[in-house]
There are 2 protein chains.
Amino acid sequence: MSDHSAAQEELEQIHALIKNGIADTMDIYGVNRSVGQLYATLYLSDEPMTLDQLRDELGMSKGSMSLGVRKLLEEKIIHRVYRKGERKDLYQAEQDFFQFFISFFTRRWEREKNVNLYAVKQAQPRYQALMEDPDTPEDVRAEAERHFNKINDSLQYYRFLDILVEEFEEGDLAQKLLERHNKRQASES
Amino acid sequence: MSDHSAAQEELEQIHALIKNGIADTMDIYGVNRSVGQLYATLYLSDEPMTLDQLRDELGMSKGSMSLGVRKLLEEKIIHRVYRKGERKDLYQAEQDFFQFFISFFTRRWEREKNVNLYAVKQAQPRYQALMEDPDTPEDVRAEAERHFNKINDSLQYYRFLDILVEEFEEGDLAQKLLERHNKRQASES
DNA sequence: TCGTTTGTTTAATATTATTTAAACGTTGCT
DNA sequence: AGCAACGTTTAAATAATATTAAACAAACGA
């Protein structure tokens, strides 16, 4: 890193612009802005970085860096990198935004499916028991039936989430959509 | 609402189970759990509800209900309903989870695209100016070029987001994926 | 028009989440 | 083994968000 020339200064300003956009994006999806900046910093860095370098760059505590890095690793949107003769842990951002998208959303869609499927599977037999029990008052029975049908319909949606995850992870859906649109545009000209 | 029979009690317990799953889901996506419960309550209700009914059901203040309802309206996952001779505002949940998914995510994907495309469009000419300026030190120029290429690659990703939004909103992508998988399963048997 | 009902805004309060500094435990090196 | 360099955990502080109650404003009906 040479002296702080005007060109250097300009570079850093543009850098900040991009970094901000990425941090905003993470914010949109409910991720802490600081964690977003952490990702953005790694994303723009040409080299893997250590916790100390990140601390210096973001001006935050090392504890924060440790927590942030762990979250990003869990999301699989940064990776640990090994380099011989380096004692410190090195981290590198996932550079492919498509991969970022897939890791980030499939993880959430899967959790949504699991959480709700669990609730639905528990609820269904209990609704049925209510409906079949002759002691159940008619108004309660009717309500149980409505709810039963409603959550039964929702199963189709969780199947959709499952398909979506599979299509993105295994079926290369992102690239397929892009290709399809490229062809469509070509045929229109 | 009749007496608090055992059946009634059981119904409410199952109700809570489902409501919890939905609130958890909203939480996954960074939406306040209370707002999630608001949606869940409307979702399970057979009738559109007023702010006062929601306040009674959730045991929260009317101000909170007002704020929560506004957020859900913005997301287009609940709708205002008009009924003759009713002074109070009535709200109804979007019952179709597919529509929920589409409203919720396309809104965010579009924002992600706009935020980052704006930053990239601003950054590109500035990187180019740096690269073309003969006064720019070589190390800065090289860095500018690397960043320029990096953000240039990202444009493809924002195009993907755009296609995804269009495919879900106009192209019925969700149903298409479901149908495709139904056929595949049928042919495998 | 006036009084009531309704929804929204506001300012204060309470709660939750983030951040830090320091303590701690681990690892690698000499 | 003993020391030094790390990364993690923790308890406390700080900051951010959510929530409430009360003031307010708009709409309605008599």
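So that the names make sense, note that chain A is the first sequence line, chain B the second, and so on, each numbered from 1. All of these numbers come straight from a predicted model, not from anything done at the bench.
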Legend entry - Spacing of Met65(A) atom CE relative to dT19(C) atom P, expressed in whole Å: 8 Å
Inset, instruction - Just say parallel, tilted or perpendicular for the rings of Phe100(A) and Phe97(A), cut-offs at 30° and 60°. - result: perpendicular
Legend entry - Nearest-nucleotide 5' precedence on DNA chain D, Gly63(A) against Glu86(A): Glu86(A)
Legend entry - Separation of dT19(D) C1' from Leu67(B) CG (nearest whole Å): 9 Å
Inset, instruction - Taking atom types as modelled, find out whether Arg159(B) and Asn182(A) have a side-chain donor-acceptor pair closer than 3.5 angstrom. - result: yes
Inset, instruction - For Ser34(A), answer base if it contacts any base atom (sugar-phosphate contacts may also be present), sugar-phosphate if it contacts only those atoms, and nothing otherwise; contact means non-hydrogen atoms under 4.0 Å. - result: sugar-phosphate
Legend entry - Side-chain donor-acceptor contact under 3.5 Å, Asn116(A) with Ser154(A): no
Inset, instruction - Compare the minimum distances between each of dG28(C), dT6(C), dT18(C) and the side chain of Arg87(A), then state the nucleotide with the smallest one. - result: dG28(C)
Inset, instruction - Considering just the side-chain nitrogens and oxygens of Ser66(A), establish if one lies under 4.0 Å of OP1 or OP2 belonging to dT8(D). - result: yes
Inset, instruction - In whole angstrom, give the distance that lies between atom CG of Asp27(B) and atom C1' of dT15(C). - result: 15 Å
Legend entry - Distance, rounded to the nearest Å, where Met49(B) contributes CE and dT6(C) contributes P: 15 Å
Inset, instruction - Determine the contact category for Met60(A): base if any of its heavy atoms lies under 4.0 Å from a base atom, sugar-phosphate if only primed atoms, P, OP1 or OP2 are that close, otherwise nothing. - result: sugar-phosphate
Inset, instruction - Check whether any side-chain N or O of Asn32(B) sits under 4.0 Å from OP1 or OP2 of dT16(C), and answer yes or no. - result: no
Legend entry - Between C1' of dT26(C) and NZ of Lys88(A), the distance in whole Å: 16 Å
Legend entry - Leu51(B) side chain, from C-beta outward: closest of dT8(D), dT8(C), dT19(D): dT8(C)
Inset, instruction - Would you indicate which nucleotide in dT6(C), dC6(D), dT19(D) comes nearest to any side-chain atom of Ser61(B)? - result: dT19(D)
Legend entry - Rounded distance (Å) that lies between atom P of dG7(D) and atom CG of Asp52(A): 6 Å
Inset, instruction - Return yes if a side-chain donor-acceptor contact under 3.5 Å exists between Glu57(B) and Thr41(B), otherwise no. - result: no
Legend entry - Lys62(B) side-chain proximity, nearest of dG7(C), dT19(C), dC6(D): dG7(C)
Inset, instruction - Kindly assign one of parallel, tilted or perpendicular to the pair Tyr127(B) and Phe148(B), based on the angle between their ring planes and the thresholds 30° and 60°. - result: perpendicular
Legend entry - Between C1' of dC6(D) and CD of Gln53(A), the distance in whole Å: 14 Å
Inset, instruction - Round to a whole Å and report the spacing from CG of Leu90(A) to P of dG7(D). - result: 9 Å
